[in-house]
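Along the sequence shown, residues are numbered consecutively beginning with 1. The structure displayed is predicted, hence computed values, not measured ones.
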Amino acid sequence: MNIQRINPTPRWSDATIYNGLIHFVEVPEDTAVDMAAQVRQIFAQAEATLAQCQSDKSRLISATIYITDIADVPVLNREWEAWLPAGCAPSRACLKVELLNPAMRVEIAFVAAEMRVL
């Protein structure tokens, strides 16, 4: 099977698709805002990436969430639950980390299934 890379650069691709799975990472573009706004930015970007890959958030399989402050978990959870369609929560890990950009409060790595038209 071929590996499809969406918008590859020397350091990363916007998404990588292999064997029906879409792997991608989103970070907030505007880091001057609070956690809720950073999470919403990531969700909007994720929806755009999924649409570009002919998928959507109901097809998410897993998410690895990296946050810099454990106090932000309630905000993250509130935004997460409001964003996901009912019954479509993927498996999820949430880790407290130090991100490369100190203004970034959150980064999320996603895996989703492609929509296959038969």
Are Val25 and Ile22 linked, directly or through other ILVMFWY residues, by side chains that come within less than 4.5 angstrom of each other? no
So Met104 and Thr68, do their side chains get closer than 4.5 Å, heavy atoms only? no
How many angstroms lie between atom CD of Gln45 and atom CZ of Phe110, to the nearest 0.5 angstrom? 9.5 Å
Qualifying residues under salt bridge (Lys or Arg N to Asp or Glu O under 4.0 Å), relative to Arg78, sequence neighbours excluded: none
For Gln52, all residues meeting side chain to side chain contact (heavy atoms under 4.5 Å, CB included), sequence neighbours excluded: Ile6, Asn7
Salt bridge (charged side-chain N to carboxylate O under 4.0 Å, His left out) partners of residues 64-74, not counting sequence neighbours, each pair once: Asp72-Arg105
Tell me, please, which residues at least two apart from Asn19 pass side chain to side chain contact (heavy atoms under 4.5 Å, CB included). Met1
Taking atom types as modelled, find out whether Glu26 and Thr49 have a side-chain donor-acceptor pair closer than 3.5 angstrom. yes
Donor-acceptor pair, side chain of Thr9 and main chain of Trp12, under 3.5 angstrom: yes
Report yes or no: do Phe24 and Val27 belong to one cluster of Ile/Leu/Val/Met/Phe/Trp/Tyr joined by side chain heavy-atom distances under 4.5 Å? no
How long is the straight-line distance from OG1 of Thr64 back to CD1 of Ile108, given to the nearest 0.5 Å? 10.0 Å
Sequence neighbours excluded, which residues qualify as salt bridge (Lys or Arg N to Asp or Glu O under 4.0 Å) partners of Asp14? none
Residue pairs, two or more places apart or on separate chains, that pass salt bridge (charged side-chain N to carboxylate O under 4.0 Å, His left out) and touch residues 47-62: Glu47-Lys57
Mark yes or no for whether Gln4, through its side chain, and Thr16, through its backbone, hold a donor-acceptor pair below 3.5 Å. no
Scan residues 48-69 for pairs that pass ring-ring contact (aromatic ring centres under 6.0 Å, His included), counting only residues two or more places apart or in two chains. none
Verify the cluster assignment for Val39 and Leu84: are they in a single hydrophobic cluster under the rule of side-chain heavy atoms below 4.5 Å apart? yes
With sequence neighbours left out, what residues match Phe43 under ring pair (Phe, Tyr, Trp, His ring centres under 6.0 Å)? Trp80, Trp83
Measuring from His23:NE2 to Ser62:OG, what's the distance to the nearest 0.5 Å? 8.0 Å
Say whether Leu60 and Val106 are linked into one hydrophobic cluster, either directly or through other cluster members, by side-chain heavy-atom distances under 4.5 angstrom. yes
Which atom pairs, one a donor and one an acceptor, fall under 3.5 Å between side chains of residues 89-102 and the rest of the protein, sequence neighbours left out?
from   : atom 1 : to     : atom 2 : distance (Å)
Ser91  : OG     : Ile61  : O      : 3.3
Arg92  : NH1    : Asn77  : OD1    : 3.2
Arg92  : NH2    : Asn77  : OD1    : 2.6
Asn101 : OD1    : Ala103 : N      : 2.9

Test: salt bridge (charged side-chain N to carboxylate O under 4.0 Å, His left out). Region: residues 34-43. Which pairs qualify, not counting sequence neighbours? Arg40-Glu79
Could you check whether atom CG of Asp30 has more than 12 heavy atoms from other residues, nucleotides or ligands sitting under 6.0 Å from it? yes
Do the side chains of Ile17 and Cys53 get nearer than 4.5 Å, heavy atoms only? yes
By salt bridge (Lys or Arg N to Asp or Glu O under 4.0 Å), which residues pair with Glu29, not counting sequence neighbours? none
Check salt bridge (Lys or Arg N to Asp or Glu O under 4.0 Å) between Glu114 and all other residues, then give those that pass, not counting sequence neighbours. Arg116
